[in-house]
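Remember, it's 1-based here, ligands and their atoms both numbered in the order they're listed.
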Amino acid sequence: MDPNQVIHDVEEEDDIRNREEEDMALALRLSLQDYNARQASSKAAATNGQARASSSKERTVEDIAAEIREFEEKKAKLAAEAARVESCLQVLYQEMEEKQRAESAVFAPRRDTKGKGKALDYNSSAFEWSGALQAKLESVFGHNVFRLCQEGICNANMDRRDIVAIMPTGGGKSLSYQLPALMQPGCTLVISPLVALISDQVMHLHEVKVDAVMLTGGTSREESDRAFKRLQAMASGHFVGPEIKLCYVTPEKIASSKKFQAALDKLHKARKLARFVIDEAHCVSSLGHDFRPDYQKLSILRERFPDVPILALSATCPAQVLADLRKTLRMPKLTMASAADHDGTVLFSTSLYRKNLHYHVLPKPAGSNDSIAAMRDYILSNHPNDTGIIYCLTKKDTESVAEALTTLSEGEIKTGVYHADVPDAVKDMLHRQWREGRVKVVCATIAFGLGIDKGDVRFVIHHTLSKSLDGFYQESGRAGRDGKDADCVLYYRAQDATRIASLTYSERGGQEKALAMLAFASDVEECRKIQFANYFNKSSKVSMDSWATSEEDTLTRCGHCDNCTRPPETVEHLGARARVAAWQLLRVAEEVGRELTMAQLCDLARGLGGGGGKEKAPDAAKSRGKGRGGKGKEKASVDVHEVAGGKVELSREQTETLCVRLLVEGFLALSFSPTSYTVNVYLKPAPKAGLFTAHERADIERGKGPAFDCALVNKKAARARKCAALGPGPGSAKKDKDKAAASTWSPSEKEKEKPKPRGKRKRIEVSLTPPSTDDEKDDGGGHGTGAGVGAGVGVGAEADDEAPTDEERYKAEMGGFVVSDSDSDIEDWKSEDDEWQTSLRGRGRRVSAAAGAGAGNAKDAQAQAKEKAKGNLAPPLKRARKSLNGRAVASSSSRTLSEDDVIEISD
Ligand SMILES: Nc1ncnc2c1ncn2[C@@H]1O[C@H](COP(=O)(O)OP(=O)(O)OP(=O)(O)O)[C@@H](O)[C@H]1O
């Protein structure tokens, strides 16, 4: 059965029932009045009889006559008072009529409808209502100045024009129709897609004492009856009390409620329908990404009420969507707001670029607790008293992040959890507490957003990549809606690529979107504003000009995002190395001939073995560095010397970054294997890989093959540049005002107080963890030869007892024990010759300390290493020895250690 018909039938029944109820009530009222009148007259008769009886005893005729005179005088006085009140009423009615006539004059179009005369500049403040607009902006909404094109939209509104306004999220679209709605007679009807959004708007309006109502599925029967009665009274002209200035409905209400349509008809006849406002107007067009069929039915508005102006609002409205929505809503041709024709739809389009938002992509530490610790440091250093949001990919993540953040900050950061499964009452409470600042940080899924309008959100952190750049732009756009500086921070590591890929694999266009997000996150050079502009231009045909401002064109760098403020010397282009490594990776992938996880591919190409997968790799006989297969899984192995002319000479992190670039540029492709619980994500060579692999290595080295490069942050240079700053700290947005100052992040006060460890090291731990045997974990790490030594042992400054992280597991697999910098990868240390490295290997149960052990720097580095081993390595090694109770032998194949560094393993 047609649901619309059902709704219609139900509403007709409601109408009939309402009418019957009203008739009953009237009948009751009449009979009650009749009864009361009879009662009163019989009471009066009785009283009069008694009075006559008693007065006949006590009062004379003269007494009565005097009393009559007294009452006659009173009556005369009351009549005089009534006449006075009546004349006052007449004066007030007259005044009101004059006012209404004056307002109707504003309400009436003041344009030359024949299209003659000068063009209109709606952005000017020279309209006769400009003073009144400004006064109401201050008195009702408490703002001193208009934002962006708010004033222009208000002016065109007051002039009863059809309008299309495109403003960024948080730009202040609502005020541009709410303010003129208060200055015009009649009711402005706002059509908005979500009940939550509507409730929030109406709540805000009530807070500033504006009479607004909503009629949605969530409105109670009583509330809805009251609203209907008031609208009907407005239409009948017998309205007592303030008019309803704004009425919010969902598009479904207009499309399917005959009762509501009838109410609109009446309002229209009474000239009390001021305007239609269509929020999120791009939903009208089936060409847009948010098409809603009920929005298309809004075409009825122009059909039935051709003279009621329409305002269409949107944050993103590509040209073809705009053309489609104008066609559906029958809005006339566009005319520019600053030089508008006297007919047509006035177009307002402001820059989508929000200057007050400072975008930063920060490296995400591998361990889950380490990444939360990084966020804790960031928040406490830069936004200790501010409210913010941390967006997480899953409900489970929101809970674990909130809990860990509270624990790691020892309660200093007050967190809340918001996702679809949180009961509504708890959501409301959390929302309230957050608005009041009692909860500082909401850890949320994307369920937290629509309808959430808090101006002073000073930071939005993304714990993991969003599933698309569209989502990321929207979510991060919830920061700084008050126009003041705010930070948008994304924590990123290459391994997260497979995570978002697995979550988007079943979505239409999900893979392309995830890849675009990855391209954004892994880019360490291009200005974030320009990246957004290019993306939206390509994906939604949003004009590049939409990102220009009056001061800067779109392609001028913003000057304050991470990539604009990053010192150029900290960016390393792998250049020819990237091309050779890309060729090697693709060759290995082709040779194995089946899908590999990113970790497996990186390990194989780097000569670390690994690659447990679904099938046995063909010709995988000559194995160097054998991989560890999971239960029932065949190992994949490959002779990297034969297949790829040697190992990829890059760190693990660099190799993963390279894999992401190969994915983004289409040389590698994703493939998926859904299980009952999860979706495993693998990499495989894409057809484009042949552009590389058709060549020999020597050719690639000579520059043949496709153009390809990989730019990444050179940690060493970055560290040298800001060795004092431990935290990644894009810094408080407040500090960011000055672009020059923003070019380097200064350490926070907290950080300054801390003793400065060397390099980026934050904690030192020695872990002894058996190699994991779980092959199904995508990012489970490498496949070393270490036999493992049993239970994990953590010693060191801040060793923790929790389960090993991916990184720890990886390091363990690399050699049993690792004294590690929790932020970095063991291979990073190898490649950074001023760094030190210590590893304890089991069978290799040996402890080694190597400084500058990077390939080819042997002697000098060894000498340095000796020094460093004595100075820097001794304490952790001593702790290790103490912890291991003398059960280990320390030795090193890479260099000679001092006596002090050697620990015997007794068994
Ligand atoms: N002229 C102004 N001065 C200061 N603050 C303003 C002004 N206009 C609007 N705001 C504030 O800006 C915030 C965002 O406004 P609004 O909700 O209207 O944005 P929006 O464009 O509708 O965003 P979205 O598309 O995300 O819903 C609100 O907190 C509002 O109070």
Side-chain angles (χ1 to χ4, degrees), residues 123 125 130 133-155 157 163-182 188 190-210 212 246 248 277-283 288 290 311-317 348-357 387 389 391 431 434-437 446 448-458 460 470-486 488 536 542 546:
N123 292 324
S125 305
S130 293
L133 267 183
Q134 178 66 36
K136 269 224 167 10
L137 174 73
E138 289 168 26
S139 65
V140 178
F141 295 95
H143 304 315
N144 299 325
V145 283
F146 286 104
R147 265 198 201 160
L148 301 173
C149 52
Q150 276 178 336
E151 187 173 15
I153 303 174
C154 288
N155 287 332
N157 236 307
I163 306 166
V164 169
I166 300 164
M167 283 167 88
T169 58
K173 290 187 278 296
S174 320
L175 185 131
S176 58
Y177 64 81
Q178 289 169 347
L179 178 51
L182 302 186
T188 294
V190 187
I191 298 117
S192 184
L194 283 178
V195 176
L197 211 64
I198 291 176
S199 307
D200 198 61
Q201 290 276 356
V202 172
M203 184 186 84
H204 278 290
L205 286 166
H206 288 173
E207 274 171 12
V208 293
K209 312 259 178 313
V210 170
L246 287 141
Y248 284 80
V277 175
I278 303 177
D279 202 6
E280 313 288 351
H282 54 274
C283 299
D290 285 330
L311 163 59
L313 290 167
S314 176
T316 46
C317 197
F348 292 87
S349 175
T350 51
S351 175
L352 293 179
Y353 166 52
R354 288 175 62 194
K355 218 176 189 165
N356 64 320
L357 298 189
T387 45
I389 306 173
Y391 277 110
H431 189 189
W434 183 66
R435 281 175 68 87
E436 290 161 2
I446 52 170
F448 189 68
L450 277 172
I452 304 293
D453 176 23
K454 182 168 163 60
D456 61 349
V457 176
R458 293 273 70 83
V460 169
D470 310 63
F472 179 69
Y473 177 69
Q474 277 237 319
E475 289 139 31
S476 54
R478 302 208 167 103
R481 287 162 72 90
D482 56 5
K484 296 184 189 154
D485 287 320
C488 303
F536 285 109
V542 174
S546 308

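- Between Arg458 and Asp482 there is a salt bridge, since a side-chain N of the basic residue sits under 4.0 Å from a carboxylate O of the acidic one.
- With hydrogens and angles disregarded, no donor-acceptor distance shorter than 3.5 Å links the side chain of Arg354 to the backbone of Gly170.
- Within 4.0 Å of ligand 1, the residues that place a heavy atom are His143, Val145, Phe146, Arg147, Gln150, Pro168, Thr169, Gly170, Gly171, Gly172, Lys173, Ser174, Asp453, Arg481, listed by chain and number.
- Under a 3.5 Å cut-off, the side chain of Tyr391 and the backbone N or O of Phe448 do form a donor-acceptor pair.
- At a cut-off of 3.5 Å, with distance as the only test, no side-chain donor of Ser192 or Gln201 sits close to an acceptor on the other residue.
- Checked by atom type and distance alone, the side chain of Thr350 pairs as donor or acceptor with a backbone atom of Ile166 at under 3.5 Å.
- Evaluation of the salt bridge (charged side-chain N to carboxylate O under 4.0 Å, His left out) rule for Lys484 yields no partner, not counting sequence neighbours.
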